[in-house]
Amino acid sequence: MAGILAWFWNERFWLPHNVTWADLKNTEEATFPQAEDLYLAFPLAFCIFMVRLLFERFVAKPCAIALNIQASGPQIAQPNAILEKVFTAITKHPDEKRLEGLSKQLDWDVRSIQRWFRQRRNQEKPSTLTRFCESMWRFSFYLYVFTYGVRFLKKTPWLWNTRHCWYNYPYQPLTADLHYYYILELSFYWSLMFSQFTDIKRKDFGIMFLHHLVSIFLITFSYVNNMARVGTLVLCLHDSADALLEAAKMANYAKFQKMCDLLFVMFAVVFITTRLGIFPLWVLNTTLFESWEIVGPYPSWWVFNLLLLLIQGLNCFWSYLIVKIACKAISKGKAGKWNPLHVSKDDRSDIESSSDEEDSEHRGKNAHTATATNGTSGTNGYLLTGPCSMDD
């Protein structure tokens, strides 16, 4: 074990040339990041999770009820032993061949069986109240940590001149504010890592899991080799849009459509600007070029930058999804009003609302009838779609 630890903490990997771990031991004059500091994140992650439960129960839920958000879930599928067995033991999404077989076996039409499976899937989905409470918790935390980050960074020289991230590196003392900021962010990501398995399941689960994993590794990595200064820039920049997204979800759940539309547009603008513009031109520029000029490359420098490039790849993927949702919303709303939430079923991630789809079908038929009656051409694509909860 001692040999493994010695290999893992090899100074030639973690630190610049001619720097040793002994040089970064805490003294009376200065405090430096120590790997053992990160153990504090685990009990704090548990505390954050408990605070979340209390917040959702005693703060978010009363707010949701005050906004007339109901706790009732979707329509319950009628009991059927054969379909229930197929659902639980074989598949939740039967193909056409299986649907035809079940139709003959039960003497039901295929559409009724499809509706049963849709309703049965929705029974396992959370209510709007549950989703509102989760979004309100995330909104509150993101707003707090982003506000703290801005207040902390505006007093630092490296916000205004990123070259200060590398002057006198790695002999940069650790301040109490920086330590608190890092441990708080790391604890939150650990709490998300565990709660993701119990939270609302979304279709981007795998991508989000990878994002949390990379974020935890990046925060830990940058703390251990004292790249915390540039790390704070990365954290604050990536927190800037998150609160707006959660606020848009809350407005959607509360049916404040105009507010939701505005918040979604603000979120899209901030997200794309910060992650496709500021992040590569400001942060990646200093980690790749200014650090090379001032400090020079070494093994962990390459790993750190590869992680940042992976984060940038995820940023590009999510920006693509945001633009895709916006374009679909615009195209669907050409015959009606603008609504970023009304996109195709393929872009839903929270819930397949059978009642919404049935209502949409009914409205679509009415719209078609009215069109034929009035002699106008075309159909209103906006009417033929159900709401998306914006959790992509």
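Position 1 is the first residue of the sequence; numbering continues from there.
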What pairs meet the side-chain hydrogen bond (donor to acceptor under 3.5 Å, both in side chains) rule with one or both residues in residues 8-19, with sequence neighbours excluded?
none

Taking side chain to side chain donor-acceptor pair (under 3.5 Å) as the test, write out the residues that go with Asn226, two or more places apart.
none

Can you sort out the partners of Pro94 under side chain to side chain contact (heavy atoms under 4.5 Å, CB included), two or more places apart, ordered by chain and number?
Thr91, Arg98, Leu99, Phe117

Does anything in residues 281-304 pair up under salt bridge (charged side-chain N to carboxylate O under 4.0 Å, His left out), and if so which pairs, sequence neighbours excluded?
Arg163-Glu293

Name all residues meeting the side chain to side chain donor-acceptor pair (under 3.5 Å) criterion together with Thr273; count only those two or more places apart in sequence or in a different chain, and write none if there are none.
none

So, Ser112 side chain and Trp108 main chain: donor-acceptor pair closer than 3.5 Å or not?
no

Looking at Arg275 and Asp242, is there a salt bridge between them, counting it only when a charged N and a carboxylate O are closer than 4.0 Å?
yes

Can you name the residues that form a side chain to side chain contact (heavy atoms under 4.5 Å, CB included) with Thr232, not counting sequence neighbours?
Phe152, Leu153, Trp158, Leu178, Tyr181, Tyr182

Counterpart residues, ring pair (Phe, Tyr, Trp, His ring centres under 6.0 Å), relative to Phe13 (two or more places apart):
none

Considering residues at least two apart in sequence or located in another chain, which fulfil the side chain to side chain contact (heavy atoms under 4.5 Å, CB included) criterion with Ile82?
Asn80, Leu102, Gln105, Leu106

Quick one: list whatever passes side chain to side chain donor-acceptor pair (under 3.5 Å) with Asp23, sequence neighbours left out.
Thr20

Under 4.5 Å between side-chain heavy atoms, chaining through other members, with only Ile, Leu, Val, Met, Phe, Trp and Tyr counted: pull out the rest of the cluster around Phe46, sorted by chain and number.
Phe49, Met50, Leu53

Sequence neighbours excluded, the answer for side chain to side chain contact (heavy atoms under 4.5 Å, CB included) partners of Leu210 is Val214, Leu314

Looking just at side-chain N and O atoms, do Arg138 and Ser135 make a donor-acceptor pair shorter than 3.5 Å?
no

Strictly by salt bridge (charged side-chain N to carboxylate O under 4.0 Å, His left out), give each pair with a member in residues 50-69 just once, sequence neighbours left out.
Arg52-Glu56, Arg52-Glu134, Arg52-Asp199

